[in-house]
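Predicted model, so just to flag it, every value in this text is computed and none were measured.
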Amino acid sequence: KKKLKVYPTPEAYLSNVREGAGSHFSGNAMYKGDNRPYGAAVTFSLAELRAKDGKTPESDSVKVEIVNEQGRTVRKLNLMASKGMNRFYWDLTNDGLRMPVQPKPKTEVQAPPGAYVIAGNYKVRIKYGTEADSAMVKVSNDPRKQVDAAGVALWQAGYEEFTSTVNGVTASMDKLRDAKDQMNAVEKMVSAQVKDTAAKKRFADAHKLASKQVDSLMRLVTPGEEIQGIYEDPSQLMNKLMGAAFYLDPAFGTPNPPASAPPATFGWSMKKLKADAGAFNEAVKAFENKTWKQFEEVVKGLNLQLLPPLGQ
């Protein structure tokens, strides 16, 4: 007998949502009700929950993965479930993106919802401890709306190209933020431990050069911390990223799934964005391979104590 069971999931629709036609305020009272939940209704059961510290909790977390027909995991969710029957609604979205200006979270967090998936068959896989089960769900287009399947496939390819570009720039920005954090930490250790004037000078020079290059590289993406108020620089990568995202409408800008190919302006925007993003990533790589390695060598030569004697 399975301790975790995922039940057959009914067909889900990439339905368009809009406000009803007609007057907003007809009638002599306000009438309202809950909308039908959007997305795929996934039902599963847990025969029992694992005891923690000798006590059985009322609920516990389960991990959910949504896998597309190519075997790629498009969405990861962490949900609370109780003993017995459980149901949640997958809103038919991919994992969202962490943009270059957003630092890495210090703890693992669930990605925000991203763009809608395209019609197809998806596997819903649920894990609880060593137990796992899955079920397929068919995602279909809204039958009320004319959808250009070939165009949507082009849109999906464009979205994946955009996602890859954003992830590359974000990874490079992560390296620069890590460099700043490490330099700040080492600077405090040098101030506390190093007494030799010549050694301090070598460190100060290396620190100054690396800091200057990090700040210069980060300004290719976003304004510095000293910039206050509303500020836009068309040459910065964040503005170019958001410009390309705008042309991916409707996934960015309206609540409805794509029904056709992105406009030609998206292709033009992506061509320029990829070139600029590639140049930025190469510049960060060059910094890492030269200036940062030089900084590391200077720091190693200082023989700093990570854990100095207590009381000193």
- Take Lys2 and Glu131 through the test salt bridge (Lys or Arg N to Asp or Glu O under 4.0 Å) and record every step on the way to the result. CA-CA 8 Å; Lys2 285 188 174 182; Glu131 301 291 326; over 6 Å; no

- Task: For side chain to side chain contact (heavy atoms under 4.5 Å, CB included), just list the numbers for Asp215 and Lys180, CA-CA rounded to whole Å, side-chain angles, deciding distance to a tenth of an Å, and then say yes or no.
- Result: CA-CA 9 Å; Asp215 289 341; Lys180 290 194 74 157; 3.2 Å; yes

- Message: Under the salt bridge (charged side-chain N to carboxylate O under 4.0 Å, His left out) definition, can you give me all pairs with a residue in residues 108-127, not counting sequence neighbours?
- Response: Glu65-Arg125

- Trace of the side chain to side chain contact (heavy atoms under 4.5 Å, CB included) decision for Phe162 with Leu97: CA-CA 10 Å; Phe162 175 77; Leu97 298 174; 3.8 Å; yes

- Ser134 side, atom OG; Lys5 side, atom NZ - distance, nearest 0.5 Å: 9.5 Å

- If you measure from OG1 on Thr222 to CD on Gln236, what distance do you get to the nearest 0.5 Å? 6.0 Å

- Task: Say whether Val74 and Val67 are linked into one hydrophobic cluster, either directly or through other cluster members, by side-chain heavy-atom distances under 4.5 angstrom.
- Result: no

- Glu69 to Asn121 - nearest heavy-atom pair and separation: OE2-N, 2.8 Å

- Note on the structure: Between Arg75 and the options Asn68, Asp95, Asn94, the side chain to side chain contact (heavy atoms under 4.5 Å, CB included) test singles out Asp95

- Item | Closest non-hydrogen atom pair between Pro103 and Val101, with its separation | CD-O, 3.4 Å

- Item | Within one Ile-Leu-Val-Met-Phe-Trp-Tyr cluster: Val64 and Met136, side-chain cutoff 4.5 Å | no

- Residues in salt bridge (charged side-chain N to carboxylate O under 4.0 Å, His left out) contact with Lys208, at least two apart in sequence or another chain: none

- Task: Indicate yes or no: at least one non-hydrogen side-chain atom of Val42 is less than 4.5 angstrom from one of Ile126.
- Result: yes

- Message: Please tell me whether Leu241 and Phe246 are part of a single hydrophobic cluster in this structure, the criterion being side-chain heavy atoms less than 4.5 Å apart.
- Response: yes

- Item | Polar side-chain atom of Thr170 near backbone of Val166 as donor-acceptor pair, under 3.5 Å | yes

- Counterpart residues, salt bridge (charged side-chain N to carboxylate O under 4.0 Å, His left out), relative to Arg87 (two or more places apart): none

- Item | Row check, Tyr89 ring normal vs Arg36 NZ/CZ: under 6.0 Å, within 45° | no

- Determine, step by step, whether Trp292 and Gln182 satisfy the side chain to side chain contact (heavy atoms under 4.5 Å, CB included) criterion, reporting the C-alpha distance in whole Å, the side-chain angles of both residues, the deciding distance to 0.1 Å, and the verdict. CA-CA 11 Å; Trp292 186 249; Gln182 291 183 34; 3.5 Å; yes

- Item | Asn86 CG to Phe44 CZ distance, which is reported to the nearest 0.5 Å | 4.0 Å

- Query: Has the side chain of Tyr38 got a donor or acceptor atom that lies under 3.5 Å from a matching backbone atom of Ser15?
  - Reply: yes

- Heavy atoms of Ser269 and Gly243 approach each other most closely as OG-C, 4.1 Å

- Query: Which atom names give the shortest non-hydrogen contact between Pro113 and Thr93, and what distance separates them?
  - Reply: CB-OG1, 3.5 Å

- Message: What I want to find out is whether Lys201 reaches Asp205 closely enough, with some N-O distance under 4.0 Å, to be called a salt bridge.
- Response: yes

- salt bridge (charged side-chain N to carboxylate O under 4.0 Å, His left out) partners for Lys52, two or more places apart: Asp60

- Query: Out of curiosity, Leu248 CG to Glu161 CD, how far, rounded to the nearest 0.5 Å?
  - Reply: 9.5 Å

- Item | Those residues that, when tested against Asp233, pass salt bridge (charged side-chain N to carboxylate O under 4.0 Å, His left out) (two or more places apart) | none

- Specify whether Trp155 and Tyr159 have parallel, tilted or perpendicular ring planes, treating 30° as the upper limit for parallel and 60° as the lower limit for perpendicular. parallel

- Query: Is a donor on one side and an acceptor on the other found under 3.5 Å between the side chain of Arg144 and the backbone of Asn16?
  - Reply: yes

- Criterion side chain to side chain contact (heavy atoms under 4.5 Å, CB included) on Met85 and Tyr7, from CA distance to verdict: CA-CA 10 Å; Met85 301 298 293; Tyr7 297 92; 3.7 Å; yes

- Message: For residues Met183 and Met173: do they belong to one hydrophobic cluster (side chain heavy atoms under 4.5 Å, members Ile, Leu, Val, Met, Phe, Trp, Tyr)?
- Response: yes

- Task: Give the minimum heavy-atom separation between Ala81 and Val62, together with the two atoms involved.
- Result: CB-CG1, 4.0 Å

- Query: Is the count of non-hydrogen atoms from other residues, nucleotides or ligands lying under 6.0 Å from Glu58 atom CD greater than 12?
  - Reply: no

- Any sub-3.5 Å donor-acceptor pair from Asp276's side-chain atoms to Lys274's backbone N or O? no

- Message: Is there a path of hydrophobic side-chain contacts, each under 4.5 Å between heavy atoms, that joins Tyr116 and Leu154?
- Response: no

- Query: Any sub-3.5 Å donor-acceptor pair from Glu11's side-chain atoms to Ser140's backbone N or O?
  - Reply: no

- Message: Any heavy-atom pair between the side chains of Leu14 and Val139 that's under 4.5 Å?
- Response: yes

- Heavy-atom count around Lys138 NZ within 6.0 Å, excluding the residue itself: above 12? no

- Interatomic spacing from CZ in Arg98 to NZ in Lys104 - rounded to 0.5 Å: 7.0 Å

- Message: Using side-chain heavy atoms (C-beta onward) and a distance below 4.5 Å, is Leu304 in contact with Phe203?
- Response: no

- Task: Identify the heavy atoms of Gly168 and Asn281 that sit nearest to each other, and give their distance.
- Result: O-OD1, 3.3 Å

- Message: Tell me if a side-chain donor or acceptor on Tyr128 pairs with a main-chain N or O of Arg50 at a distance below 3.5 Å.
- Response: yes

- Query: Do the side chains of Leu176 and Phe287 get nearer than 4.5 Å, heavy atoms only?
  - Reply: yes

- Within a strict 4.5 Å, meaning less than it, do heavy atoms of the Arg72 and Glu160 side chains meet? yes

- Euclidean distance, Asn184 CG relative to Ser211 OG, rounded to 0.5 Å: 7.5 Å

- Task: List in chain and number order the residues that pass side-chain contact (heavy atoms from CB on, under 4.5 Å) with Lys175, two or more places apart in sequence or in another chain; answer none if no residue qualifies.
- Result: Val284, Glu288

- Check the side chains of Ser61 and Asn78 for a donor-acceptor pair under 3.5 angstrom, ignoring hydrogens and angles. no

